[in-house]
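Nothing fancy with the numbering, it's 1 onward along the sequence.
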Amino acid sequence: MNESSLLTSLAGVRLHIFHPDSQSVRAFCASLAQLGCYAQHSWPPVADLPADRQLLLVAIENHHEAVLTRLFSALQHSHIPTIALANCHDARLFPLLLTLQPTAIAERELNPFALIVQMIGTWQSAQQQVQLRHELLARQQRTARNERLAQAKGVLMQNFGLDESGAYRLMRTEAMNTRSSLEFTAERVINQLEKG
């Protein structure tokens, strides 16, 4: 992947930055806008998730621990990737960071290039996790369908003395005759034979 395609991976991303206002934060938001990001900025952090944000950058301060804990708890349930911006030289923040469990941690002092690289990695990783969750769900659904098909074949084999291929052919023929799916036919077979 080349540099321009890495930068374009952030195009259209809606992000929110919780960070004290400064010239460097405003300049960073302007840089993100040039990349095609939709960046909002506010301070102090709030416990409610910003509406329709896809990525969060949050400055970490110990005196905001209660609000940050509620915010990060909500973020973990929503799967929104979050980069904690922390003073990495302040050891007092480590216990809080361990509690918050951000997706990534970056230096609080804004280094636009380093932070954009961190954002790209975090965003791409989050997108891969979403894809893996979808693939896992699809695999679980296929497994459940296959288990129901196997159960229906077993019921037919037991009740009618068919072999496995004969039970499958019977269900396939019934599915074609009724213009229904094989899965629907398997459910009907199981339900009818459990009742009778």
Side-chain angles (χ1 to χ4, degrees), residues 1-16 35-38 47-58 68-84 97-106 116-196:
M1 196 175 275
N2 62 35
E3 183 180 325
S4 65
S5 64
L6 285 174
L7 292 175
T8 58
S9 69
L10 292 177
V13 174
R14 297 179 310 275
L15 66 106
H16 194 95
L35 293 175
C37 292
Y38 301 102
D48 298 325
L49 292 176
D52 78 335
R53 297 294 100 180
Q54 297 171 298
L55 179 65
L56 289 181
L57 282 69
V58 183
L68 291 171
T69 301
R70 288 194 308 275
L71 173 63
F72 276 76
S73 177
L75 289 168
Q76 287 175 350
H77 297 296
S78 67
H79 302 290
I80 296 174
T82 306
I83 300 173
L97 289 168
L98 289 172
T99 300
L100 298 178
Q101 297 182 10
T103 310
I105 301 172
I116 287 172
V117 169
Q118 181 71 52
M119 288 169 56
I120 290 168
T122 301
W123 178 247
Q124 289 181 341
S125 174
Q127 294 305 105
Q128 288 172 347
Q129 287 178 2
V130 167
Q131 183 176 349
L132 288 173
R133 278 194 295 272
H134 288 301
E135 289 173 9
L136 177 61
L137 179 61
R139 184 170 290 144
Q140 289 170 336
Q141 290 170 340
R142 274 193 311 274
T143 300
R145 276 195 308 270
N146 290 340
E147 288 172 356
R148 292 301 278 177
L149 287 172
Q151 183 181 5
K153 284 191 291 186
V155 167
L156 289 173
M157 290 164 61
Q158 183 179 13
N159 289 341
F160 298 108
L162 300 171
D163 64 357
E164 186 175 353
S165 63
Y168 179 78
R169 281 194 308 273
L170 179 63
M171 283 196 316
R172 189 180 65 199
T173 302
E174 179 65 18
M176 287 190 287
N177 289 341
T178 59
R179 292 189 175 131
S180 58
S181 70
L182 194 57
E183 293 83 11
F184 180 76
T185 301
E187 287 296 325
R188 275 198 3 239
V189 165
I190 292 167
N191 292 337
Q192 286 176 355
L193 294 176
E194 283 178 350
K195 289 179 185 176

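To the nearest 0.5 Å, the span separating CG on L10 from CD on Q124 amounts to 8.0 Å. Atom CG of L75 sits about 9.5 Å away from atom CG of L100, to the nearest 0.5 Å. I116 CD1 to L35 CG: the interatomic distance, rounded to the nearest 0.5 Å, is 5.0 Å. Note: H16 NE2 to T82 OG1 = 11.5 Å, rounded to the nearest 0.5 Å. The structure places CD1 of I120 at 11.0 Å from CG of L55, a figure rounded to the nearest 0.5 Å. Rounded to the nearest 0.5 Å, atoms OG1 (T103) and CZ (F72) are 8.0 Å apart.
Counting all heavy atoms, side chain and backbone alike, D48 lies closest to L71 at O-CD1, 4.0 Å. For the residue pair A167 and L156, the shortest heavy atom distance occurs at O-CD1, 3.7 Å. Closest approach of W123 to P81, counting heavy atoms only: CE3-CG, 4.4 Å.
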Side chain to side chain contact (heavy atoms under 4.5 Å, CB included) between V13 and M119, worked out: CA-CA 10 Å; V13 174; M119 288 169 56; over 6 Å; no

Stepwise side chain to side chain contact (heavy atoms under 4.5 Å, CB included) check, Y168 with L149: CA-CA 9 Å; Y168 179 78; L149 287 172; 5.8 Å; no

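Looking at R148 and E187, a side-chain N of the basic residue comes within less than 4.0 Å of a carboxylate O on the acidic one, giving a salt bridge.
Under the salt bridge (charged side-chain N to carboxylate O under 4.0 Å, His left out) criterion, D52 pairs with R14, sequence neighbours left out. In this structure, the side chain to side chain contact (heavy atoms under 4.5 Å, CB included) partners of A152, at least two apart in sequence or on a different chain, are M171, A186, V189, I190.
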Please output the side-chain donor-acceptor pairs of residues 125-139 that fall under 3.5 Å, not counting sequence neighbours, one pair per line with the distance.
residue: Q131; atom: NE2; partner: E135; partner atom: OE2; Å: 3.1

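The local environment of CD in Q151 is crowded, with over 12 non-hydrogen atoms from other residues, nucleotides or ligands closer than 6.0 Å.
Between the side chain of R70 and the main chain of L68, no donor-acceptor pair closer than 3.5 Å is present.
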